[in-house]
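Here is the structure we will look at, set down as structure tokens.
Basis for what follows: all heavy atoms, side chains included, without hydrogens, waters or symmetry-related copies. For clarity, every value in this text was computed on a predicted model and none was experimentally measured. Both ligands and their constituent atoms are indexed starting at 1 by order of listing.
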Amino acid sequence: MVSVAILGAAGGIGQPLSLLMKLNAGVTKLHLYDIVNVPGVAADISHVATNAEVQSFLGAGQLAAAVTKIDLAIIPAGVPRKPGMTRDDLFKINAGIVKTLVEAIAAHSPQAFIAVISNPVNSTVPIAAEVLKAKGVFDPRRLFGVTTLDVVRASRFARDLRPGVDAAALRVPVVGGHSGTTIVPLLSLASTRLGLSDEETEELTTRIQFGGDEVVKAKDGAGSATLSMAYAGARFADSLIRAINGDAVVEPAFIALAADPDGAKEVRGLGAGDLDYFAVPVELGPRGVQRIAQLGGAPTAFERKAIAVAAEALAANIKTGAAFVAG
Ligand code: APR
């Protein structure tokens, strides 16, 4: 039985994510925190007939209470990417928000699992790690960047090409990071053989890497993915809650490779260089990351090349995150 705080609960991702967590039978307490609008969201969701108790926390003055006695904090707070906004603009705002929120978690629930959704995840996860290290409470097994949406998109887009595939059951290992070419779907290692030509592999890889842009464009200025992201965040949280309760679960996530030094060696052998963070399928257990899961085969030459491209950009993203905390 798990107490969950959602930080940024009144947002486009936060609202549907809060609703989905209210429906999760493993959740006993749901703390909804935001700097605006959250009392209404919490009152509304609190009427849904499940046993989870919903509490609202509004504004910085209630942040400490929002993150006290929680087992899991999910962080979708921030500003969404809008057309015309540079990655730098987005980074500075969200980096500051994530830093503040993780400082509060470190102070009031240092044992909590933390799932970061706020973008750019390639940098916000290193920011969270640096904050936790500075407070002396960093456990790499408990910190995650949520990359489930990349796997969700990979499964769904694969079905667009191969209508015989069950999108809900298909698993594609996606490694690397969580934006653009740092996202590397290992389509050759999908749980169902897709039988893709080289051209199809290239097209599908690009579609998965830039899937978020399809939503940004279609929303025409109104923001980025919210509903599919909420679904992905809830799926990740459900896996983690089941793992906390003793089930063996494999879920992809962007993690600090220090969580599994042996597995990290293998990951680095894929061409990831000496990166400290990487998205990988992870075996979860009661204490979080148990080990990096086996990929079930060797990536193709195309995939290894994509990993090398991803690794270079990722190294820069990770450095930017760490430098933000160092000031
Ligand atoms: N503390 C808590 N919540 C905050 C803070 C803060 N300091 N600053 C902003 N928020 C809240 C906003 O009030 C809003 O309710 O975060 C929420 C963000 O919601 P939206 O603006 O609708 O953005 P959304 O589409 O949900 O995306 C949020 O997730 O995928 C990423 O790139 C996306 O980083 C962005 C984040």
Are any of the side-chain nitrogens in Lys99 or Glu103 under 4.0 Å away from the carboxylate oxygens of its partner?
yes
N-O pairing of Asp160 and Arg207 below 4.0 Å
yes
At the 4.0 Å heavy-atom cut-off, does Ile35 count as touching ligand 1?
yes
Please say whether Ala77 places an N or O atom under 3.5 Å from an N or O atom belonging to ligand 1.
no
Determine whether a donor-acceptor pair (N or O, by modelled atom type, separation under 3.5 Å) exists between the side chain of Lys133 and the backbone of Phe138.
no
Taking His178 as the fixed residue, which of Asn122, Asp150, Thr147, Thr148 is the one that meets the side-chain hydrogen bond (donor to acceptor under 3.5 Å, both in side chains) rule?
Asp150
Atom 36 (C) of ligand 1: which of Gly12, Pro76, Ala9 has the nearest heavy atom?
Pro76
Closest candidate by heavy atom, reference atom 7 (N) of ligand 1, pool Ile75, Ile93, Ile97, Thr100:
Ile97
Flag Asn119 as yes when one of its N or O atoms lies below 3.5 Å from any N or O atom of ligand 1, and as no otherwise.
yes
Can you figure out which of Val116, Leu149, Asn94 has its heavy atom closest to atom 34 (O) of ligand 1?
Asn94
For ligand 1, is there an N or O atom under 3.5 Å from any N or O atom of Leu101?
no
What atoms of ligand 1 come closer than 4.0 angstrom to any heavy atom of Tyr33?
1 (N), 2 (C)
Say whether Ile13, considering both its backbone and side-chain N or O atoms, lies within less than 3.5 Å of an N or O atom on ligand 1.
yes
So if I count the atoms of ligand 1 from 1 in the order they appear, which ones are less than 4.0 Å from some heavy atom of Val36?
13 (O)
Can you find an N or O of Ser118 that's nearer than 3.5 Å to an N or O of ligand 1?
no
Under 3.5 Å between any N/O of Gly78 and any N/O of ligand 1: does that happen in this structure?
yes
Classify the contact between Leu90 and ligand 1 as side chain, backbone, both or neither, using a heavy-atom distance cut-off of under 4.0 Å.
neither
Output for pair (Lys219 NZ, Glu214 CD), nearest 0.5 Å, gives 13.0 Å
Closest to atom 12 (C) of ligand 1 (judged by heavy-atom distance), picking from Ile6, Val98, Asp34:
Asp34
Check each atom of ligand 1 against the heavy atoms of Thr226 and keep those under 4.0 Å away; list them by number with element.
25 (O)
